[in-house]
Amino acid sequence: MPLSANDPSKKTWLNVPAGSDFPIQNIPFGVFLTRDDVITIGTRIGDTAIDLGALHQLGYFDGIELTDDIFLQDSLNDFIADGRKTWRLVRNRISDIFLESNPALRDHSAHKKTVLFGLDEIEMQLPVDVGDYTDFYASKEHATNVGSLFRDPEHALLPNWLHIPIGYHGRSSSIVPSGTPIRRPNGQVAPKEGNGPGFGPTKLLDFELEMAFITTAANDLGKPIPIEETAEYIFGLVLFNDWSARDIQGWEYVPLGPFLGKNFASTISPWIVTLDALNSFRVSGPKQDPTPLPYLQQEGAHNYDIHLQASIKPHGGEESLVCHSNFKYMYWSMAQQLAHHTVNGCNVRSGDMMGSGTISGPTPDSYGSMLELSWKGQRPLTLSDGTKRAFINDGDTVIMRGYCENDQVRIGFGECTGEVLPARPL
Ligand code: MN
């Protein structure tokens with residue numbers, strides 16, 4: 001099926017500000033609460049939110065096989081479960097409805113009143129009910145930095161790293177949409193000489209600059225997904241801040257891996273940008289040496305050129321850019337992650353979320369966490385107000401942004417933000 005919605009020459013009758021992340025070629029999917037307190041599935045063009053539930057009721061999706069209530073839901077799980085053919089039909093149809101030359105909705109003011117909302121009239125919700133959340137560790141630069149900081153720079157990567165997309169099962173209950181405040185967690189930390197373990201608010205609160213992909217129901221239990229089929233099961237991507245408490249993590253993670261230092265909060269951007277919308281931004285990934293096992297081998301361009309940024313904004317202050325990275329640095333692609341995840345027969349369901357792991361680039365200003373940017377606190381960053389940061393302070397808002405751009409079109413993700421609140425008193 002052609003991805004006609006991606007045609008860069010298309011123009012819309014809606015206003016799209018210059019430099020917007022959401023031209024008519026994007027057409028992401030999200031869930032929002034309207035001014036009338038109705039929850040609906042929607043999309044966004046420019047700064048206009050579009051109620052897909054209302055559009056469907058008005059007949060604008062006639063001819064596409066959809067249940068009546070497919071968009072009148074508080075999550076995208078059922079729509080995602082309909083599969084790639086339906087996603088493409090719907091995205092192409094939305095593109096047609098808002099095409100400059102199409103008068104059907106453009107000239108129907110009563111319908112427009114029901115369907116279109118300003119961004120100040122809606123409240124974005126979590127787009128999916130995340131059943132299972134898996135976090136990978138797929139950036140070689142990040143794994144090398146962390147290995148150097150905590151173990152041995154000479155043997156920074158553990159022997160398995162170049163053979164396996166390393167991951168762990170995270171917790172979905174604490175995944176929150178952009179804008180949700182984050183409470184600094186209390187927890188246990190390593191003993192200092194002669195004493196027992198400490199307990200209190202984390203002193204080493206960090207962000208992790210990640211992306212996450214969201215899957216459809218992919219396979220039955222026991223049946224692996226071959227790597228060449230994985231793209232069919234990836235609905236789209238969001239920005240992902242996998243908040244981390246490094247001191248809690250450092251004490252607890254041996255031998256079973258991350259636990260309370262990771263599962264207190266993870267923030268996602270609320271609009272899922274489809275894999276289809278990113279199609280023209282595919283690039284080759286880093287050369288893989290040694291060659292992975294056959295089930296992880298792939299041909300062609302499987303990485304995506306997505307510019308990523310993280311900023312810190314102190315309460316009432318100005319924003320300082322602290323990192324710019326790119327999703328294309330990922331050593332293990334999403335296709336490899338999904339093939340690996342299912343090679344043992346583990347089943348993946350609609351609405352599952354797979355985090356990439358922190359995406360660090362090759363230069364010190366492209367590291368995707370404060371742990372790396374400040375080199376474990378040894379080199380604090382100076383913000384634009386002159387204050388220093390080794391980790392994240394109370395009152396700081398961490399803002400992540402991501403976008404793809406060529407000379408024809410820009411496809412972006414909007415923002416993924418969260419302000420850190422002081423810990424609960426002990
Ligand atoms: Mn993570």
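Quick note: residue numbers are just sequence positions, from 1. Basis for what follows: all heavy atoms, side chains included, without hydrogens, waters or symmetry-related copies. Both counts, for ligands and for their atoms, begin at 1 and track the order of listing.
- Taking the Mn ion (ligand 1) as reference, E210 places its N/O/S atom OE2 nearest.
- The shortest side-chain heavy-atom distance between F61 and I94 falls under the 4.5 Å cut-off.
- Considering all non-hydrogen atoms of both residues, T274 and I27 come closest at CG2-O, 4.4 Å.
- Closest to the Mn ion (ligand 1) among the N, O or S atoms of E208 is OE1.
- Ring planes of F136 and H341: perpendicular class, angle over 60° (limits at 30 and 60°).
- Here the two rings, on F79 and F29, have centers that are under 6.0 Å apart.
- Atom OD2 is the N/O/S atom of D242 found closest to the Mn ion (ligand 1).
- Looking at D135, its N, O or S atom nearest to the Mn ion (ligand 1) turns out to be OD2.
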